[in-house]
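First up is the structure itself, then whatever we jot down about it.
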Amino acid sequence: MDNILLLGKYGQLGWELHRSLASLGDIVAIDYPEINLLELDSLVGLIRQLRPKIIVNATAYTAVDQAELEPEIAEAINSLAPGILAELAKENQSVFIHFSTDYVFDGFKGSPYVESDIPNPLGVYGSSKLGGEKAIQDMDPAYLIFRTSWVYSLRRDSFVSKVLSWARAQTDLRIVDDQISNPTWCRTLAGATALLLAKSGKNPTGWFNDRRGLYHLAGDGFASRLDWAKMILEFDPQQEQQVVASIEAAKTSDYPTPAERPLFSALNCDKFTDTFSIRLPKWQDALKLAMASE
Ligand SMILES: NC(=O)c1ccc[n+]([C@@H]2O[C@H](COP(=O)([O-])OP(=O)(O)OC[C@H]3O[C@@H](n4cnc5c(N)ncnc54)[C@H](OP(=O)(O)O)[C@@H]3O)[C@@H](O)[C@H]2O)c1
């Protein structure tokens with residue numbers, strides 16, 4: 001069995017990856033504060049000692065607004081650390097799986113982004129994640145970078161959990177209808193990652209090396225935050241707890257935030273499907289299942 005190192009096991013995605021990858025090999029799963037991507041010495045030592053066949057990095061600095069206030073920290077975690085991990089993966093001939101974001105784009109294209117579109121991040125978070133992509137690509141181990149979008153779980157604070165709590169506290173909701181992307185249930189993302197590792201067979205490094213690169217991987221289809229919120233309320237298994245009576249469209253410009261967000265950042269995932277014959281479920285189907293099961 002292959003040994004797998006999973007970084008970020010307590011995050012939305014990391015928690016699901018821990019469940020999904022456990023049956024595929026001997027897994028060592030860690031997170032902050034056992035490891036701190038701002039102090040890499042102990043992590044480097046651990047990787048050299050474990051010599052994992054597969055490294056999956058689900059850690060990230062994901063506080064989009066806070067990143068504007070502490071760009072050095074965002075860059076250290078999202079740009080520098082992935083580069084070091086990629087270097088270690090190359091040194092050890094490990095597979096390196098990493099996740100990036102739709103926020104590398106400016107949102108002005110007007111149709112779903114493909115991998116060859118030129119990124120132009122609007123804020124520190126997106127630019128730090130883009131830095132991580134470039135650092136990995138420069139190092140060029142047997143890597144897969146999955147750019148994903150609007151990741152949610154019901155375990156941690158996410159748009160879904162926020163909408164549910166607003167609907168229990170407020171009678172009138174206003175949700176933006178001009179931010180559009182692919183809602184992605186973290187369990188589907190983790191499931192697809194596990195499926196790939198299962199497909200890769202006895203020589204994962206060779207298999208991934210032949211397919212290495214950047215892929216868009218997100219829930220199938222796209223929606224505005226308003227569409228998404230309406231669907232969350234519809235699938236809420238405890239609708240009787242809702243006090244909300246109306247839900248209206250608002251504009252992003254009504255709610256200024258420290259970080260500017262791309263408006264239309266939907267991702268086209270055809271390259272991933274063409275390469276691996278896997279497509280994530282339609283975002284509405286995944287949401288329905290997430291809300292019934294979490
Ligand atoms: N969430 C989204 O909407 C979204 C959208 C597009 C792409 N993505 C990407 O998808 C991936 C997974 O996102 P997610 O939503 O699962 O993120 P998340 O829930 O914020 O999890 C990130 C994990 O990284 C850990 N971490 C943060 N700083 C660290 C440090 N200095 N050292 C070690 N660990 C540290 C966090 O620990 P603490 O909780 O203790 O800080 C957390 O466990 C990321 O690459 C993210 O950029 C996310």
Side-chain angles (χ1 to χ4, degrees), residues 6 8-24 56 58 60 62 97-103 112-114 144-167 175-177 179-199 215-239 242 247 261-262 264-294:
L6 169 64
K9 69 172 174 179
Y10 296 132
Q12 298 194 91
L13 175 61
W15 197 83
E16 292 294 344
L17 282 165
H18 197 186
R19 288 165 49 132
S20 305
L21 302 181
S23 63
L24 296 174
V56 183
T62 54
I97 298 181
H98 179 78
F99 298 86
S100 190
T101 173
D102 55 324
Y103 280 20
Y113 283 95
V114 294
L144 294 183
I145 299 171
F146 296 138
R147 267 195 203 137
T148 188
S149 168
W150 287 8
V151 175
Y152 67 89
S153 73
L154 280 91
R155 283 184 50 254
R156 279 183 61 139
D157 205 20
S158 68
F159 184 73
V160 176
S161 54
K162 279 186 194 147
V163 169
L164 289 175
S165 84
W166 294 334
I175 310 279
V176 299
D177 69 352
Q179 284 181 35
I180 294 168
S181 197
N182 324 55
T184 306
W185 184 24
C186 55
R187 190 172 296 175
T188 61
L189 199 50
T193 308
L195 201 51
L196 286 194
L197 284 172
K199 274 184 169 213
Y215 295 89
H216 291 175
L217 179 60
D220 192 32
F222 53 84
S224 70
R225 291 225 182 240
L226 177 65
D227 297 335
W228 189 14
K230 285 181 176 166
M231 209 54 98
I232 292 165
L233 298 186
E234 189 181 323
F235 293 151
D236 180 358
Q238 281 150 343
Q239 272 181 350
Q242 294 180 14
I247 176 160
R261 286 150 170 82
F264 188 99
S265 59
L267 300 174
N268 175 324
C269 303
D270 289 350
K271 178 182 169 192
F272 180 85
T273 301
D274 292 346
T275 308
F276 299 109
S277 305
I278 300 170
R279 186 177 283 285
L280 294 197
K282 286 196 183 314
W283 72 266
Q284 299 95 325
D285 295 343
L287 180 65
K288 192 171 186 180
L289 198 58
M291 299 203 58
S293 60
E294 283 210 66

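As the structure is a prediction and not an experimental result, all values here were calculated from the model.
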For this session: Tell me, with the steps shown, if His98 and Leu144 meet side chain to side chain contact (heavy atoms under 4.5 Å, CB included).
Result: CA-CA 6 Å; His98 179 78; Leu144 294 183; over 6 Å; no
Minimum-distance pair of heavy atoms, taken over all atoms of [X] and [Y]:
X	Y	value
Val151	Cys186	CG1-CB, 3.8 Å
Ser149	Leu267	CB-CD1, 3.9 Å
Glu234	Gln239	O-NE2, 2.9 Å
Leu6	Gly14	CD2-O, 3.6 Å
Thr101	Arg147	O-CD, 3.7 Å
Cys269	Ala218	SG-N, 3.3 Å

For this session: Carefully, step by step, assess Ile247 and Trp166 under the rule side chain to side chain contact (heavy atoms under 4.5 Å, CB included).
Result: CA-CA 11 Å; Ile247 176 160; Trp166 294 334; over 6 Å; no
Exercise. Is there side-chain contact between Phe272 and Leu196, with at least one heavy-atom pair below 4.5 Å?
Worked result: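 Phe272 reaches Leu196 side chain to side chain.
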Exercise. Is any side-chain heavy atom of Phe159 closer than 4.5 Å to a side-chain heavy atom of Ile175?
Worked result: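 Side chain of Phe159 against side chain of Ile175, heavy atoms only: contact under 4.5 Å found.
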Problem set entry | Arg225 to Trp150, cation-pi by 6.0 Å centre distance and 45° axis angle |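 Yes - Arg225 lies over the ring of Trp150, closer than 6.0 Å to its centre and within 45° of its axis.
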Problem set entry | Arg156 to Trp15, cation-pi by 6.0 Å centre distance and 45° axis angle |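 Checked: cation-pi criterion not met.
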For this session: Assign the ring pair Tyr152 / Trp185 to parallel, tilted or perpendicular, where the plane angle (0 to 90°) is split at 30° and 60°.
Result: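 Tyr152 and Trp185: parallel rings.
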[X] side-chain N/O to [Y] backbone N/O, donor-acceptor pair under 3.5 Å:
X	Y	result
Gln242	Ala167	no
Glu16	Thr188	no
Ser158	Leu154	no
Ser265	Pro262	no
Ser100	Phe146	no

Exercise. For Phe99 and Leu217, what are the C-alpha separation, side-chain angles and deciding distance, and is it a side chain to side chain contact (heavy atoms under 4.5 Å, CB included)?
Worked result: CA-CA 9 Å; Phe99 298 86; Leu217 179 60; 5.7 Å; no
From [X] atom [atom1] to [Y] atom [atom2], the distance as rounded to the nearest 0.5 Å:
X	Y	atom1	atom2	result
Lys9	Arg19	NZ	CZ	15.0 Å
Ile97	Thr193	CD1	OG1	6.0 Å
Ser224	Ile180	OG	CD1	6.0 Å
Lys288	Ile232	NZ	CD1	15.0 Å
Lys230	Asp177	NZ	CG	8.5 Å
Trp228	Leu233	CH2	CG	12.5 Å

For this session: Take Asp227 and Met231 through the side chain to side chain contact (heavy atoms under 4.5 Å, CB included) test and state the conclusion after the steps.
Result: CA-CA 6 Å; Asp227 297 335; Met231 209 54 98; over 6 Å; no
For residues 275-282, please give each side-chain donor-acceptor pair under 3.5 Å, one per line with the distance, not counting sequence neighbours.
from: Thr275; atom 1: OG1; to: Lys271; atom 2: O; distance (Å): 2.7
from: Arg279; atom 1: NH1; to: Asp220; atom 2: OD1; distance (Å): 3.4
from: Arg279; atom 1: NH2; to: Asp270; atom 2: OD1; distance (Å): 3.0

Problem set entry | Sequence-distant partners of Arg261, salt bridge (charged side-chain N to carboxylate O under 4.0 Å, His left out), two or more places apart |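 Only Asp65 meet the salt bridge (charged side-chain N to carboxylate O under 4.0 Å, His left out) criterion with Arg261.
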Exercise. How would you list, by chain and number, every residue that makes a side-chain contact (heavy atoms from CB on, under 4.5 Å) with Ala266, sequence neighbours excluded?
Worked result: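 Testing Ala266 for side-chain contact (heavy atoms from CB on, under 4.5 Å), a comparison that skips the adjacent residues, returns Pro112, Asn182, Phe222, Phe264.
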Exercise. Quick check: are there more than 12 heavy atoms from other residues, nucleotides or ligands sitting under 6.0 Å from OH of Tyr10?
Worked result: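 It does not: Tyr10 OH has 12 such atoms or fewer within range.
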